Every structure is written in structure tokens, then in C-alpha cells.
> 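First the structure, which I've put down as C-alpha cells, then a few questions once you've had a look.
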Amino acid sequence: MKNLIKILFILMIGVNVAGAEEKPVIPMVPMLPAVPQNAERVPIETKTVFMGMKTEIVVPLEIISDVEIQAMVIDDQEIEVPFEIEFNKMPDKDKTYKIGYTETEIDIDKDGKTDTYIYSNDKVDSKILTGNKVVIQGKNISKEGYHEKVVYINVETHN
């Protein structure tokens with residue numbers, strides 16, 4: 001999800017390039033008529049104009065925490081590693097947010113057996129999402145050594 005920002009800008013730029021044809025300068029405010037010095041000055045009618053500008057800035061719900069999980073599995077151990085996900089703000093009450101992972105069932109040692117599972121809460125309702133865990137099943141890991149996997153997390157919006 002991209003940051004959505006809507007802002008209106010009005011900009012006038014005058015450029016005078018050497019050798020270019022001069023264009024007449026149009027004043028932004030109407031000029032007052034010339035009044036002789038000895039003439040009586042009459043106040044010009046003044047009016048107050050109120051102008052408004054409405055700007056809608058939408059800051060999406062984004063994950064601001066990195067989650068790094070390290071675990072040592074010995075033999076057929078099953079390990080549960082809890083983790084938290086922190087967001088940039090409280091979720092909007094009128095929208096439903098859900099966490100999405102690129103993978104939730106992983107073969108960490110690439111031997112053909114799924115051995116690592118990611119479980120997460122279904123609903124995002126606070127700035128810090130707790131109750132998430134990674135479960136590693138040692139009985140399905142056949143290759144010894146250090147194994148690494150990167151899984152991307154995103155926030156999905158449902159209305």
C-alpha cells in the first residue's frame with residue numbers, strides 16, 4: 001500500500017531568458033487608478049473574502065518493526081517462538097486490517113518436508129499485535145546446520 005497524499009498547489013513562475021521576446025507582465029492584483037495629488041481621496045470600498053482549502057492526507061497503517069527469530073533446535077524438539085508486530089499508528093475503527101505473509105508454511109532446510117509454521121492473529125486491533133508465533137518442528141528437519149529464510153509481512157485492508 002502506498003502513502004496517499006492529496007495536496008493542491010498553485011504556482012506561477014515567470015522566466016526571462018536572454019534573447020527571448022519580452023512578454024507583458026500581468027499584475028496579480030488590479031491596479032488602483034491614478035489620483036492627482038491635490039484631489040480629495042475617497043476611501044475605496046473594501047470587502048473581506050474568506051477562502052478555504054481542504055486537504056485530505058491519508059497515512060496508511062504500516063509495520064514499523066523488524067522481526068528476527070533465531071532458535072536452536074536439537075533432535076526432535078518442537079519450539080514455539082512468540083513475536084510482536086508494531087505499527088505506525090492505531091488501526092482505524094471503520095476498517096478491518098489483516099496481516100499477510102509471503103509464506104506461512106516453510107521448508108527451512110529445503111529437504112521437501114514442511115518444518116516451520118507461522119501463526120498470527122486474524123484481526124489487527126491495536127498498535128502492537130501480540131499472539132503471533134513461529135513453530136519449528138525438529139522431527140521434520142533432516143539437514144544439520146544454520147538455515148535462514150526471509151519472509152515478508154504486509155498489512156491487508158478489508159472494508
Side-chain angles (χ1 to χ4, degrees), residues 1-23 25-29 48-159:
M1 183 175 353
K2 296 180 181 177
N3 292 345
L4 303 175
I5 300 176
K6 297 178 185 175
I7 299 178
L8 173 67
F9 287 102
I10 297 175
L11 181 64
M12 294 187 71
I13 300 175
V15 179
N16 188 7
V17 180
E21 205 176 291
E22 293 260 343
K23 294 184 180 179
V25 176
I26 301 170
M28 303 259 313
V29 178
T48 304
V49 178
F50 292 99
M51 296 179 71
M53 183 173 134
K54 202 175 223 183
T55 304
E56 181 181 349
I57 299 175
V58 178
V59 178
L61 186 67
E62 295 176 338
I63 299 170
I64 60 171
S65 61
D66 289 334
V67 179
E68 185 176 327
I69 296 173
Q70 294 183 0
M72 177 183 268
V73 181
I74 301 172
D75 294 331
D76 292 344
Q77 277 184 319
E78 183 170 306
I79 297 177
E80 286 187 12
V81 182
F83 65 94
E84 296 178 343
I85 300 172
E86 184 177 0
F87 301 98
N88 60 333
K89 65 176 186 170
M90 283 292 290
D92 299 330
K93 299 288 181 194
D94 60 340
K95 293 184 182 173
T96 305
Y97 296 98
K98 187 177 178 184
I99 297 295
Y101 297 91
T102 52
E103 293 179 76
T104 56
E105 297 181 358
I106 303 164
D107 178 16
I108 197 82
D109 60 349
K110 298 179 179 97
D111 66 349
K113 295 180 196 170
T114 304
D115 45 49
T116 305
Y117 302 89
I118 301 173
Y119 299 101
S120 192
N121 284 333
D122 287 340
K123 190 175 180 185
V124 177
D125 56 359
S126 64
K127 188 173 177 180
I128 298 177
L129 183 64
T130 59
N132 311 299
K133 65 182 176 180
V134 173
V135 177
I136 305 168
Q137 296 177 343
K139 65 182 178 184
N140 292 338
I141 298 176
S142 61
K143 295 182 182 175
E144 188 177 310
Y146 179 79
H147 305 289
E148 188 175 300
K149 180 70 177 178
V150 176
V151 176
Y152 294 98
I153 308 170
N154 64 358
V155 180
E156 300 171 358
T157 307
H158 301 282
N159 286 335

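No experiment lies behind these values; they were computed from the predicted model shown.
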> Could you pull out all donor-acceptor pairs under 3.5 Å where a side-chain atom in residues 68-75 meets a protein atom, sequence neighbours excluded?
residue, atom, partner, partner atom, Å
E68, OE2, Q70, NE2, 2.8

> Quick one: CG on L129 to OG on S65, what's the gap to the nearest 0.5 Å?
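So the gap between those two atoms works out to 9.5 Å.
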> Between K127 and P91, what is the shortest heavy-atom contact and its length?
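Smallest interatomic distance, heavy atoms only, reads N-CD, 4.2 Å.
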> Would you call N121 and I99 a side-chain contact if the rule is heavy atoms closer than 4.5 Å?
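No, too far: nothing below the 4.5 Å cut-off.
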> Should F83 and I118 be marked as a side chain to side chain contact (heavy atoms under 4.5 Å, CB included) after you check the CA-CA gap, both sets of side-chain angles, and the distance that decides it?
CA-CA 10 Å; F83 65 94; I118 301 173; 4.2 Å; yes
> Using atom types as modelled and distance alone, determine if a side-chain donor or acceptor of N154 lies under 3.5 Å from a backbone N or O of T102.
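Here the side-chain-to-backbone pair does not exist.
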> Within this structure, what is the CD-CD1 distance for the pair E86 and I128, rounded to the nearest 0.5 Å?
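Here the rounded value is 4.5 Å.
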> About how many Å separate CG of N88 and CD1 of I63, when rounded to the nearest 0.5 Å?
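The CD1 atom of I63 sits 9.5 Å away from the CG atom of N88.
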> State, yes or no, whether a side-chain contact exists between D92 and L61 at a heavy-atom distance under 4.5 Å.
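D92 vs L61: side chains apart.
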> If you look at every heavy atom in T130 and E84, which pair is closest and at what distance?
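Shortest heavy-atom separation between T130 and E84 comes out as CG2-OE2, 3.4 Å.
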> Could you report the tightest heavy-atom contact between K113 and D107, atom names first, then the distance?
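Taking every non-hydrogen atom into account, O-OD1, 2.8 Å.
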> To the nearest 0.5 Å, what is the distance between NZ on K149 and CD1 on I108?
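Reported to 0.5 Å precision, the distance equals 7.5 Å.
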> Give a yes or no on this: more than 12 heavy atoms of other residues, nucleotides or ligands lie within 6.0 Å of atom NZ of K110.
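Atom NZ in K110 is not packed in, count stays at 12 or less.
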> Give, for atom OH of Y101 and atom CD1 of I153, the distance between the pair rounded to the nearest 0.5 Å.
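It comes to 5.0 Å.
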> Which donor-acceptor pairs under 3.5 Å do the side chains of residues 134-146 make with protein atoms, sequence neighbours left out?
residue, atom, partner, partner atom, Å
Q137, OE1, N140, ND2, 3.1
N140, ND2, T114, O, 3.0
S142, OG, D111, OD2, 2.5
Y146, OH, E148, OE1, 3.3

> So I106 and Y117, side chain to side chain contact (heavy atoms under 4.5 Å, CB included) or not? Walk me through it.
CA-CA 6 Å; I106 303 164; Y117 302 89; over 6 Å; no
> Does a side-chain heavy-atom distance below 4.5 Å link E62 with V155?
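With C-beta onward as the side chain, the pair stays apart.
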> If I take atom CD1 from residue I64 and atom CZ from residue F87, how far apart are they, to the nearest 0.5 angstrom?
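These two atoms lie 9.5 Å from each other.
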> Could you check S120 against T104 for side chain to side chain contact (heavy atoms under 4.5 Å, CB included), going step by step and ending with a plain yes or no?
CA-CA 9 Å; S120 192; T104 56; over 6 Å; no
